[in-house]
2 protein chains.
Amino acid sequence: MPETRRRSAPATRAAILEAARTRFGAHGFDRVRLRDVAADVGVDPAMVIRYFGTKEGLFAAAAEFELNLPDLTGVTADELGHVLMPRFFGVWEDDAGFLSLLRAATTSEAAAAKMLELFTGQVTPAVAAVVTDHAPERAALLGSQILGLAVSRYVLKVPPLAHMSRAELEAWVTPVIRHYLTDPRPVVSG
Amino acid sequence: MPETRRRSAPATRAAILEAARTRFGAHGFDRVRLRDVAADVGVDPAMVIRYFGTKEGLFAAAAEFELNLPDLTGVTADELGHVLMPRFFGVWEDDAGFLSLLRAATTSEAAAAKMLELFTGQVTPAVAAVVTDHAPERAALLGSQILGLAVSRYVLKVPPLAHMSRAELEAWVTPVIRHYLTDPRPVVSG
DNA sequence: GGGCGAAGTCAACCGTCGATGACTTATGCT
DNA sequence: AGCATAAGTCATCGACGGTTGACTTCGCCC
């Protein structure tokens with residue numbers, strides 16, 4: 001009698017999801033094999049299909065998450081960086097789902113659309129709380145800097161950024177956040 | 001007698017490369033089939049292998065290119081944005097090779113390494129011409145903003161950024177470039 | 001104008017991988 | 001105990017796609 005203790009369905013489902021998040025986060029959608037995810041959990045590949053239907057279904061479940069941006073109401077211009085940056089680090093370092101989505105978004109229309117939803121559904125509303133005009137533009141510009149940092153630090157691992165302390169990165173980026181969120185819209189000639 | 005005019009080898013090779021750049025730029029490495037590239041050129045898939053050996057070989061050839069950053073020597077802090085941003089637009093809008101590389105870099109170690117080379121081999125040296133200290137950090141931070149803009153505008157197509165005029169984008173980003181390149185390194189507590 | 005080498009085609013192989021469906025085993029209930 | 005059901009396995013299918021090698025056709029040069 002081999003020691004094959006049998007789990008509950010929700011437990012297995014959760015374990016598969018967890019393994020999928022990690023794999024997708026590390027290698028993107030196309031490079032991940034269902035067989036690998038199943039092996040991580042110690043389960044037959046058929047189980048993955050059983051619980052998530054298709055590989056796309058698994059990915060969709062793995063890429064589901066919340067940014068949980070802090071409420072910016074009443075935050076002063078100078079505090080913005082210190083309020084936002086810790087959340088930035090948390091999102092990218094603790095939740096592999098976000099990395100998965102970023103990796104997939106460069107290749108898949110569906111993932112790109114999901115990423116867009118984050119902008120319009122979560123970033124823009126959060127930004128709107130401290131901003132008086134052009135919230136979508138400001139949110140998009142801020143988002144572009146954040147996304148660029150994530151790509152550079154967590155995907156490409158550009159040495160100076162990958163090794164930089166959180167505090168130093170925050171210090172460099174804070175003025176940029178303030179600029180995008182609080183400076184008046186620049187005058188464009190022409 | 002069918003109209004099957006036969007090209008020279010270099011011409012065919014070049015046509016394949018061109019088609020590959022476009023496909024890779026649009027869909028990334030994994031989603032592109034050699035058969036599609038060959039079909040674009042009106043040629044048998046075997047030709048692609050004949051000229052480039054493997055799919056990786058084709059990609060490597062397609063992702064080869066130069067940033068051709070302008071010489072920043074003597075450029076004043078306020079002019080930096082106006083000197084750099086046109087080059088930014090040129091690189092991303094005219095050369096599909098760069099988009100290919102970006103798309104692939106989120107998924108492939110080899111492509112990521114190639115992207116890193118661009119930072120150390122081309123961005124950092126260019127930046128070093130106008131900077132007095134911490135050139136690698138400054139180059140990486142600047143690069144992160146540029147990369148983020150490219151991802152947002154050309155890959156995700158975040159609406160406000162995708163539609164924004166070059167002039168307006170330049171106006172928004174110029175202060176950020178100046179900050180990263182010319183502001184003193186911020187003081188980090190702790 | 002005949003033959004040689006380059007340009008190009010064709011068919012097929014072979015590994016990979018997502019998906020399927022029938023089968024087996026454990027668990028919980030009465 | 002015994003059975004119904006959920007949990008899990010197993011073998012396999014079928015499509016896809018990179019790669020190969022043998023074959024065919026064009027263009028050129030003597």
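Residue numbers start from 1 in every chain, and the chains themselves are labelled A, B, ... in the order their sequence lines are given, proteins ahead of strands. These values consider heavy atoms only, across backbone and side chains, with no hydrogens, waters or symmetry-generated copies.
- Here B:Phe52 lies out of heavy-atom contact (under 4.0 Å) with every strand.
- Near DNA chain C, meaning a heavy atom under 4.0 Å from it, residues 14-22 of chain B has no residue at all.
- Atom-to-atom, CZ of A:Arg13 to P of D:dA7 comes out at 12 Å; the value is rounded to the nearest Å.
- Under the 4.0 Å criterion applied to side-chain N and carboxylate O atoms, B:Glu93 and B:Arg153 are assigned as salt-bridge partners.
- Across all strands shown, B:Val48 has no heavy atoms under 4.0 Å from either base or sugar-phosphate atoms.
- Of all heavy-atom pairs spanning B:Gly143 and B:Phe119, the tightest one is CA-CE2, 3.7 Å.
- Between the CZ atom of B:Arg50 and the C1' atom of D:dA22 there is a distance of 12 Å, given to the nearest Å.
- Protein atom CE of A:Met47 is 19 Å distant from nucleotide atom P of C:dC23, rounded to whole Å.
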Identify each donor-acceptor pair in which a side-chain atom of residues 170-177 of chain B lies under 3.5 Å from a protein atom, sequence neighbours left out, and give them as a table.
residue, atom, partner, partner atom, Å
B:Glu170, OE2, B:His82, ND1, 2.6
B:Trp172, NE1, B:Glu168, OE2, 3.4
B:Thr174, OG1, B:Glu170, O, 2.7

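- Shown here are the ring-ring contact (aromatic ring centres under 6.0 Å, His included) partners of A:Phe89, two or more places apart in sequence or in another chain: there are none.
- In this model, the phosphate group of D:dA7 is not approached by any side-chain N or O of A:Thr12 to a distance below 4.0 Å at OP1 or OP2.
- With sequence neighbours excluded, the residues that form a side-chain contact (heavy atoms from CB on, under 4.5 Å) with A:His163 are A:Pro159.
- The two residues B:Ala38 and B:Val48 come nearest to each other via the heavy atoms CB-CG2, 4.1 Å.
- Remark: B:Tyr180 engages no residue in a ring-ring contact (aromatic ring centres under 6.0 Å, His included) (not counting sequence neighbours).
- A salt bridge is absent between B:Asp133 and B:Arg185: the closest approach of a Lys/Arg side-chain nitrogen to an acidic carboxylate oxygen does not fall below 4.0 angstrom.
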Sub-3.5 Å pairs of nitrogen or oxygen atoms, protein against nucleotides 17-21 of chain D:
residue, atom, partner, partner atom, Å
D:dG17, OP2, B:Arg33, NH1, 3.2
D:dG18, OP1, B:Val32, O, 3.4
D:dG18, OP1, B:Lys55, NZ, 3.2
D:dG18, OP2, B:Leu34, N, 2.9
D:dG18, N7, B:Arg35, NH1, 2.6
D:dG18, O6, B:Arg35, NH2, 3.1
D:dT19, OP2, B:Lys55, N, 2.8

